[in-house]
2 protein chains.
Amino acid sequence: MDVRNLCLGILTLGDATGYEIKKAFQDRLNLLYDASFGSIYPALNKLTEEKLVSCRAETQTKRPDKKVYSITEAGKAAFIKELQKDPLPDKFRSDTLATMIFTHFLSRDQITRMLDEYIQYYEENINALSTGCDLKGSPAEQFLCGFGVAVRSAAINYLKENRHLIEAEAQQVDTAAE
Amino acid sequence: MDVRNLCLGILTLGDATGYEIKKAFQDRLNLLYDASFGSIYPALNKLTEEKLVSCRAETQTKRPDKKVYSITEAGKAAFIKELQKDPLPDKFRSDTLATMIFTHFLSRDQITRMLDEYIQYYEENINALSTGCDLKGSPAEQFLCGFGVAVRSAAINYLKENRHLIEAEAQQVDTAAE
DNA sequence: CTGTGCATGTAAATCGTTACATGATTGC
DNA sequence: GCAATCATGTAACGATTTACATGCACAG
């Protein structure tokens, strides 16, 4: 699923402008996928060319003109076909966790700070998910929200309960260096 | 942290060939970062140019020649400097979860199959982590392993306990369609 | 006799972000 | 006055993957 197909998917939920699609990426696909204007607008132009979406211009007096996109029947069919494909495996990349392999090069304070910030980062994630999903959203979206919260809560718990394992290690290094 | 710096980091743990570094990505950075030969070899050549690693050729009779890389003092310093930087935020992208937003386009069987495969995928992840981290590895690596297992276990639990939320939804659609 | 492991590398293609370009409006 | 929101787009750049190119050894 690339930006192109996700734009198509978002348009199955209702007409939208490129700007609104970008917001949908932030709201509905929150923490799951992000896309910049630099990828959304070209995708939308290409989809229009291929007749998978149609576009009507709305002139506005006090704002720049809008281009409102709607998915076509052909677009809907293409998207449903895309959904049939086997999903690609998840991709996860964490700078913080990769750094932790090399904690022996860091001071205890640095490790502590890194862990604190990582925990805080996950807590912010949870807040963003909770406020974004309370009440509003389809059952599927609530399910996904709950998933995000469950996984991040587990991460926080693990970090809090086991951080001493790598902090203690650094302590020893500090002591040994004296 | 790009491939370049991770190669440097892996070389702080001992000399290695490009081929062995690739394996280290799979073993030590398992599920955290992957890199292909197409990125490792050019990175190693560049690092050699910059004198951050040194390279000695080992001719082998029954195998192609090896190039064994060692990190230099300058390389070690550069890597430690890199570690001081604020880590970039995590990146997570899941095709499967993104697909789930659009479960209303899928049949109940498809949803069930997708969930089964996703759970199985996480279970395989956990097996890979467990076998890879039992006994061997530094405390930091064991900590990371434990983290991976904790997070994935939570994911599996959530999926098992809440899958009915999106499966039930599909049921209703099927029934309504009759 | 076929697949897997060892071993290195290049070039093209992919997919995306960042920065740039433009400009009005509204809230603090 | 300054930041944020609305609104669209292009071009350059970046990082990495994929496919290609080559080749021997060993196990099943």
Side-chain angles (χ1 to χ4, degrees), chain A residues 1-8 10-11 15-27 29 32-49 53 55-69 82 85 88-95 98, chain B residues 1-8 10-11 15-27 29 31-49 53 55-69 82 85 87-95 98:
Chain A
M1 283 263 256
D2 49 13
V3 172
R4 199 186 102 95
N5 280 296
L6 281 172
C7 285
L8 220 42
I10 289 165
L11 288 173
D15 294 359
T17 65
Y19 192 86
E20 286 164 348
I21 288 174
K22 163 87 165 137
K23 277 198 299 180
F25 269 94
Q26 280 155 5
D27 299 344
L29 292 169
L32 254 174
Y33 212 107
D34 201 11
S36 59
F37 289 124
S39 58
I40 292 172
Y41 285 120
L44 249 16
N45 286 329
K46 217 181 169 192
L47 288 167
T48 308
E49 263 179 49
V53 304
C55 171
R56 61 174 190 280
E58 273 186 21
T59 47
Q60 298 185 123
T61 45
K62 303 201 170 183
R63 293 258 171 237
D65 289 359
K66 272 186 191 181
K67 287 187 176 181
V68 182
Y69 293 92
E82 177 70 23
K85 287 191 195 167
L88 299 171
D90 290 1
K91 269 177 193 168
F92 175 64
R93 209 158 258 198
S94 172
D95 228 41
Chain B
M1 283 262 255
D2 48 14
V3 172
R4 200 187 101 95
N5 280 295
L6 282 172
C7 285
L8 220 42
I10 289 165
L11 288 174
D15 294 358
T17 65
Y19 192 86
E20 286 163 347
I21 289 174
K22 164 86 166 139
K23 277 197 299 180
F25 268 93
Q26 280 155 4
D27 298 344
L29 293 168
L31 305 173
L32 255 174
Y33 210 107
D34 202 12
S36 60
F37 289 124
S39 58
I40 292 172
Y41 286 120
L44 249 16
N45 287 329
K46 218 181 167 190
L47 288 168
T48 308
E49 262 178 51
V53 304
C55 170
R56 61 173 190 281
E58 273 185 21
T59 46
Q60 300 186 119
T61 45
K62 302 202 170 181
R63 293 256 170 239
D65 289 359
K66 272 186 188 180
K67 286 186 177 181
V68 183
Y69 294 92
E82 176 69 22
K85 288 191 194 167
L88 299 171
D90 290 0
K91 270 177 192 168
F92 176 64
R93 209 156 258 200
S94 173
D95 227 42

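Residue numbering restarts at 1 for every chain, and letters A, B, ... go by the order of the sequence lines.
- A close approach under 4.0 Å does not occur between any side-chain nitrogen or oxygen of A/Tyr33 and OP1 or OP2 of C/dC15.
- Across all strands shown, A/Phe25 has no heavy atoms under 4.0 Å from either base or sugar-phosphate atoms.
- With a 4.5 Å cut-off on side-chain heavy atoms, A/Ile40 and A/Phe25 count as touching.
- Among the atoms of the strands shown, base atoms are found under 4.0 Å from some heavy atom of B/Gly38.
- A/Leu6 is listed as a side-chain neighbour of A/Met1, based on a closest heavy-atom distance under 4.5 Å.
- The interatomic distance linking B/Lys46 (NZ) with C/dG9 (P) rounds to 16 Å, in whole Å.
- In this structure, B/Arg93 reaches the sugar-phosphate backbone alone: every heavy-atom distance under 4.0 Å involves primed, P, OP1 or OP2 atoms, never a base.
- The listed nucleotides are C/dT18, D/dT10, C/dA7; the one nearest the side chain of A/Ser36 is C/dT18.
- The shortest distance between side-chain heavy atoms of A/Tyr69 and A/Thr48 falls below 4.5 Å.
- Rounded to whole angstrom, the span from the CG atom of B/Leu29 across to the C1' atom of D/dT16 amounts to 16 Å.
- What separates NZ of B/Lys23 from P of C/dT4 is a distance of 16 Å, to the nearest Å.
- Whole-Å rounding puts the B/Asp2 CG to D/dT16 P distance at 5 Å.
- Ion pairing between B/Asp34 and A/Arg93 fails under the 4.0 Å rule for side-chain N and carboxylate O.
- Aromatic ring centres of B/Phe37 and B/Tyr19 lie closer together than 6.0 Å.
- The side chain of A/Tyr19 lies closest to D/dA7, out of D/dA7, D/dG9, C/dG9.
- From one end of the helix from C/dC1-D/dG28 to C/dC28-D/dG1 to the other, with five pairs defining each end axis, the axis direction shifts by 50° (rounded to 10°).
- Residue B/Ser39 is the one, among B/Ser39 and A/Val3, whose nearest nucleotide of DNA chain C lies closer to the 5' end (criterion: closest heavy atom).
- The interatomic distance linking A/Asp34 (CG) with C/dT17 (P) rounds to 7 Å, in whole Å.
- The NZ atom of A/Lys22 sits 13 Å away from the P atom of D/dT8 (whole-angstrom rounding).
- The nearest whole Å value for the distance from the OH atom in B/Tyr41 to the P atom in D/dA21 is 18 Å.
- Side-chain contact between A/Arg4 and A/Leu47 is present, with at least one heavy-atom pair separated by less than 4.5 Å.
- We find that B/Glu58 and B/Arg56 are joined by a salt bridge, their nearest charged nitrogen and carboxylate oxygen being less than 4.0 Å apart.
- Across the protein-nucleic acid pair, B/Ile40 atom CD1 and C/dA7 atom P stand 14 Å apart, rounded to whole Å.
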